[in-house]
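Below, chains carry the letters A, B, ... as their sequence lines are ordered, and counting in each starts from 1.
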Amino acid sequence: MTMARWFTKRDREHERRDELLSAYLDGQLGAEERARLEAQLASDPALRVELEALRRTVALVRDLPRVPVPRNFILPQTMVARPRPVLLRSRRLLAPLLTTATSIAALLLVVVLVGDLLSAATGRRLALAPGAPAAAPVEQPQAVVTTVQVEQDAGTSATAPALAMGAPTEETPAAAGEESRLDQGTLVATPSPPPPAPATAGAAPEEGTSAGSAPPQPAAPTFGAVGTPAPTPTQAAEMERAASPATVSAAEGAVAATPSLPTVEATVTLEGYSVSPAPTETARLAPPAGESGEAAPGDERLEREAGAAGHVLVSPRRGLEIALGLAALALGAGAVWAWRARRR
Amino acid sequence: VDEASLIAAAQQGRVDAFNDLVLAYQHQVYNLAYRILGDPAAAADAAQEAFISAYRHIVEFRGGSFKSYLLRIASNACYDELRRHKRRPATSFEDFGDGEMDAEANPALVNGSAGPEEHAERAEMARAIQVCIETLPADQRTTLVLSDVEGLSYEEIAETTEVALGTVKSRLARARGKLRDCLRAQEELLPARYRLE
């Protein structure tokens, strides 16, 4: 043990000892601790010396003479008008202000949430075939994950995902619009400029390309890198069905925007799926032959990456909702503090 | 007139009511400041500051111990004073016996029955303790003065210094331990009957 460490250890022991002795002098020890210390004192003369020295020290401080005040400290009458510190005044206003702000933030949050839910519901109604049961609303991020899976399962090559990602992040309005077109069984080309890289020769026919004209998102390249073998068509179908029915609208949005989906058939397929999932139809989603066979090992990885993507992708509206929620919480906490401070 | 109604009147802006409170507490406030700062002039400044500040903020006082409220403001004023001047100890051992008439050496302070020799010893002892108090860190110094000079309970000190009870306990123990070690180190300067062992 080095000298320094030895000193530190001894200092700590002394501090601990002094703490016990000091509390003992003030009658601040619990019965058990006191009994233990008294037993130690009985057997340890050095400890008794320390206690005595501490007792004398305290006594000396208590005996210090009181010094007389050199003058009166009374305040002159002229000095003070009514005491109204600025801090206090602002604090009095602060509490109601914060409360109002909290209410406004909460109200806005509710409005945005309701709007979000309504538009999501509308989009779904449009997407589903008439008479199909309305699905229960479900967390959106899940939908994003599903979308990624669908798109990856389809075995798209490096360029396609960039386009695919556009739709789910853009969320319901765009997706709903496209879905409504899908509803009629046709894919309508949107007027927006063509996607940056429809280079997957043969993989993306005209319809797919134009339907996928949603602007590519910055997050997309991550997925573009996923050039791993896709699962077999049946696996894809299973994964899709495993996803909650509520995610269908988003998934369909993605499909609508995915240029890599080989044909119009693919869309029909998904529509078919959303109403009554038929493995055979879904199987038509199959990517170009040759990619489907060796899928199994990459499967887990795909899912993991897709999960990560779900965290990365936050739509503007979701962002707004989170921001509003956090703002409401922070303002609420501030209001509580301000009211308490006022009462003090 | 009881303290509560004086406080209420002061909160209405009545300086005369507040001045009654000043007269009731100025001794305590000044002594606290004097023991923390070790200098009569600085202590008087801190005490005056404390009373002005206490009056300005009196509307914020919402019951509880007025003494704690006042002593809290006073110890904060002392911290400010310490920070402002980065004070070196105002009293030093070199001052011993140079005949300087400070508060400790004022014969009027001491018990009238004491002889001149005993009085001198007491003054010397008081100065030694003050020097040692000034070697303590500000938080320990304040805790020690509140406890052993002002006689506040652990709970009152916790309220005054706005820390947990456990913190009061450990600060006080450290302060007393250091003070004991300091006094031991000066033992040859102290009159025999004031020695610790």
Between [X] and chain A, with a heavy-atom cut-off of 4.5 Å, which part of the residue counts as in contact: side chain, backbone, both or neither?
X	result
D20(B)	neither
E49(B)	neither
R176(B)	both
L21(B)	neither

So which of V22(B), L144(B), D148(B), D16(B) has the largest heavy-atom pair count under 4.5 angstrom toward chain A?
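Top count of heavy-atom pairs under 4.5 Å with chain A: D148(B).
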
So which part of Q28(A) gets closer than 4.5 Å to some heavy atom of chain B, the side chain, the backbone, both or neither?
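Both parts, heavy atoms under 4.5 Å.
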
Measure R17(A) against the heavy atoms of chain B and call it side chain, backbone, both or neither at under 4.5 Å.
side chain

Please report the C-alpha distance between E13(A) and K9(A) in whole Å, then the side-chain angles of each, then the deciding distance to 0.1 Å, and finally whether the salt bridge (Lys or Arg N to Asp or Glu O under 4.0 Å) criterion is met.
CA-CA 6 Å; E13(A) 277 166 11; K9(A) 188 163 175 259; 3.7 Å; yes

Y24(A) pairs by side chain to side chain contact (heavy atoms under 4.5 Å, CB included) with which of R34(A), E33(A), E19(A)?
R34(A)

Hey, which of L117(A), D116(A), L118(A), V112(A) is the one that makes side chain to side chain contact (heavy atoms under 4.5 Å, CB included) with V114(A)?
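Between V114(A) and the candidates, side chain to side chain contact (heavy atoms under 4.5 Å, CB included) is satisfied uniquely by L118(A).
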
For a quick test of reading the model, state the closest non-hydrogen atom pair linking L32(B) to A74(B) and the distance between them.
CD2-CB, 3.7 Å

Y69(B) side chain to E60(B) side chain, donor-acceptor N/O pair below 3.5 angstrom:
no

Donor-acceptor contact below 3.5 Å, side chain E156(B) vs main chain S153(B)
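Yes, E156(B) side chain to S153(B) backbone: donor-acceptor pair under 3.5 Å.
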
